[in-house]
Every structure is written in C-alpha cells, then in structure tokens.
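Notes for the one structure printed next.
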Amino acid sequence: RSRILISIGESFGSADKFQKINQMVSSTDWSLKRSLDGGAAPKPLKRL
Amino acid sequence: AQECEDLEVERQRRLERIKHKQSQLQELIMQQIAFKNLVQRNRQAERQSKSSPSPNTVISLPFIIINTSKRTVIDCSISNDKFEYLFNFDNMFEIHDDVEVLKRMGLAFGLESGRCNPEQLKIARTLVPKAMQPYLTEMAQGAVNQP
Amino acid sequence: RFQELQREVSELTEAEEKLDELINKCSLQLRLLTEDTHNKKLGYVRCQDLRDTVDPPEQIIMVIRAPPETQMQVSEPSEGYQISLKSSKGPIDVFLCPED
C-alpha cells in the first residue's frame, strides 16, 4: 500500500508539494477499478 | 585525465544544483507577485464596496483545498478537540495549496506557464526588486524550470 | 581542457552563490510580506474564486485551514483513499465550499 506524509499549515511552501499525492490518486481511479473488477459497491458511507 | 574526470563530475553536479535553485527562485518570485496581486485586488474591492467582507464569506491564507466529484462519498471522523480528522474517499480527488489556487486565479500573470503578456510583465516588474527582474523576463518568455 | 574546466567550475560556483543570496532575500521578503498585519487581513479568497479554479466547477470543494506543522497522511487502504490530519498546535478547520 502506498502512503505519503507531508506537513501543511504554512503558506507559500515548496512548489506544488501535492503533485505526488495527486499523481498517486489519479493513477488508480477507484470508480474505474471498481467497475472493472465488478466489485460490490462500497459500503454505504455517511455523506460528509 | 583523472583530475579532468573529477572536474567534469563537479561541473555536472553544480549545473544540476543551479537549475534546481533557479526554479526555486522563480517559484518564490511568482508567489510574491501572486500574493501582492491578491492583496491589491481585495484592497480595491473593499474600497469600492466601502466595507470588509463578513469573515464567514472569505477564506484566509494559508489553506489547502480538496476537490472531488459530486458523486464521491466522503466518510469523515473528527476528534472532539478537532486536532485530528480522518477522511475516507470512495473516488478520486485532487489536493492543491493556496499558491496553486492563486496561480489558477491568474494572480501570477501566467508566469508559471510562460504565458505573460508584455502589459502584465510591465506590472510584474514593479512588484519585485531590481535584482529579480532578469528572472522575470526569462519566465515571461517561457523559460520556467519545472520544479 | 583541465584549465578550461577549472574556469567553468569557478564561474558556476559564483553563479550558485549569487542564486543562494537571491533565494534568501526573496524568502525573507515573502515572509515579511505575508506576515504584515495589513496584508494578513487582505490575504483571502472567496468561495467563488475557488469554484472558478476547479474544473468542472460543480465539484465538492473541501477547504482545510490547519495550524503550522500539521501532519497530513494520504494512504491507499484496501478500498478508496484515506486522508488523515493530525495537528499538535491547535484545532483544524474543515468546511465545504457552498455551491451557490
């Protein structure tokens, strides 16, 4: 399982420190993955 | 020959470091311009409306945003003291910081992508110290090193 | 060739030192700029600004305002994605950007 840890809360940090996270997330699109493997729909999570 | 070899390696290493530091400096210049433009824009808006916006309608820096499709189900757990949060997403999302938002708002005059027109470049030059101006011109012409 | 390389490396050393100086100067200016009281008050965006920066605009936009050094961890558990936030310097504010 991949995992990325960063520090937030300051403005104007290094350039686009979220690039790796966005790449990791977009590389495995869960809805696509779910439809591909025909997995059961996720357990009904309460909406935020 | 060996000494030449070592110097060649040293030269390559320095070139790499200089390239990285140039992109770091370009990023700092863009952030300075974006922040000054944001302050300028808000000051003008408040002057025109002769009032400050109510606190719950604005988002002060620093912040980050997470955007995701409307279909995404987000499960959120929060500790009582709000020091800890846990989110579970069942779909893709993107995370961006405030600097990225300011750039997307056009407040860095498109310098991040080398699309800064002469008019904007003239204004941008007034927003940074003289020593930084050569870097500005380079960025406006598209010589932006990706960090 | 050796002398040529020596000359080049010393020029690069000078260029790097100049860059270090500019980076330090620019970082200090940016910190003074963002910490200035007036600028702090005017350093904000509106929800509409955020909506204008996401494509497509009708997405869920979650805003997180956290104290410095808050740890964010993004992990890929068995199903979906998990984001955990852990602050040691104060409460974290999270809210959704209204759609209208």
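Computed over heavy atoms, backbone and side chain alike; hydrogens, waters and symmetry mates excluded. Chain identifiers are assigned alphabetically (A, B, ...) following the order of the sequence lines, protein sequences preceding nucleic acid strands; residue numbering begins at 1 within each chain.
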So, do Tyr135(B) and Leu22(C) sit near enough that their side-chain heavy atoms are less than 4.5 Å apart? yes

I'd like to know if Glu58(C) pairs up with Lys70(B) as an ion pair, taking the criterion as any Lys NZ or Arg NE/NH1/NH2 lying under 4.0 Å from an Asp or Glu carboxylate oxygen. no

Quick one: are Asn91(B) and Tyr81(C) in side-chain contact, heavy atoms under 4.5 Å? no

Against chain C, work out which of Val101(B), Leu15(B), Val128(B), Leu28(B) has the most heavy-atom pairs shorter than 4.5 Å and name it. Leu28(B)

Gap separating the NZ atom of Lys41(C) from the OG atom of Ser60(B), nearest 0.5 angstrom: 11.5 Å

Straight-line distance of Ile66(B) CD1 to Met72(C) CE, nearest 0.5 Å: 4.5 Å

Non-hydrogen side-chain atoms of Arg1(C) and Glu8(B) separated by less than 4.5 Å: yes

Are Arg65(C) and Pro62(B) close enough that some pair of their side-chain heavy atoms sits under 4.5 Å apart? yes

State, yes or no, whether a side-chain contact exists between Thr68(B) and Met62(C) at a heavy-atom distance under 4.5 Å. no

Answer yes when Lys82(B) and Asp93(C) have at least one side-chain N-carboxylate O distance shorter than 4.0 Å, and no when they do not. yes

Tested for side-chain contact (heavy atoms from CB on, under 4.5 Å) against Val45(C), the lone hit among Ile65(B), Leu102(B), Val58(B), Asp98(B) is Leu102(B)

Which atoms of Leu19(C) approach chain B - backbone, side chain, both or neither, heavy atom under 4.5 Å: side chain

Considering non-hydrogen atoms only, spot the tightest contact between Leu42(C) and Asn42(B) and give its length. O-ND2, 2.7 Å

Contact part of Ile78(B) toward chain C, heavy-atom cut-off under 4.5 Å: side chain, backbone, both or neither? neither

Residue Thr70(C) versus chain B: region with a heavy atom under 4.5 Å: neither

Nearest 0.5 Å please: distance from the CZ atom of Arg46(C) over to the CE atom of Met105(B). 10.0 Å

Before accepting this row, confirm whether a basic side-chain N of the pair Arg41(B)/Asp49(C) lies closer than 4.0 Å to the acidic partner's carboxylate O. yes

Heavy-atom contact with chain C under 4.5 Å, split by part of Ser69(B): backbone

Honestly, the part of Gln40(B) sitting under 4.5 Å from a heavy atom of chain C is neither

Does any backbone or side-chain atom of Gln73(C) lie under 4.5 Å from a heavy atom of chain B? Answer side chain, backbone, both or neither. neither

dist Met30(B):CE -> Cys26(C):SG (nearest 0.5 Å) comes out at 11.0 Å

For Leu30(C) and Gln32(B), work out which heavy atoms get closest and say how close. CD1-CA, 3.6 Å

From His20(B) NE2 over to Glu16(C) CD, what is the distance, rounded to the nearest 0.5 angstrom? 10.5 Å

Proximal component of Asn39(C), with respect to chain B [non-hydrogen, under 4.5 Å]: both

Might you confirm whether atom CD of Glu35(C) has over 12 heavy atoms from other residues, nucleotides or ligands at distances under 6.0 Å? yes

Would you say that Leu61(B) contacts Tyr44(C) through its side chain, given a criterion of any heavy-atom pair below 4.5 Å between the two side chains? no

Turns out that what part of Tyr85(B) lies under 4.5 Å from chain C's heavy atoms comes down to both

Option that, when pairs with chain C are counted at under 4.5 Å, heavy atom only, ranks first among Glu84(B), Glu94(B), Lys36(B), Met132(B): Glu84(B)

If you measure from SG on Cys97(C) to CG on Asn67(B), what distance do you get to the nearest 0.5 Å? 10.5 Å

At their closest point, which heavy atom of Leu5(C) faces which heavy atom of Cys4(B), and how far apart are they? CD1-O, 3.6 Å

Check whether any side-chain heavy atom of Arg14(B) sits under 4.5 Å from a side-chain heavy atom of Glu11(C), and report yes or no. no

Indicate yes or no: at least one non-hydrogen side-chain atom of Ile23(C) is less than 4.5 angstrom from one of Lys21(B). yes

Most heavy-atom pairs under 4.5 angstrom with chain C, which of Asp81(B), Leu38(B), Ile29(B)? Leu38(B)

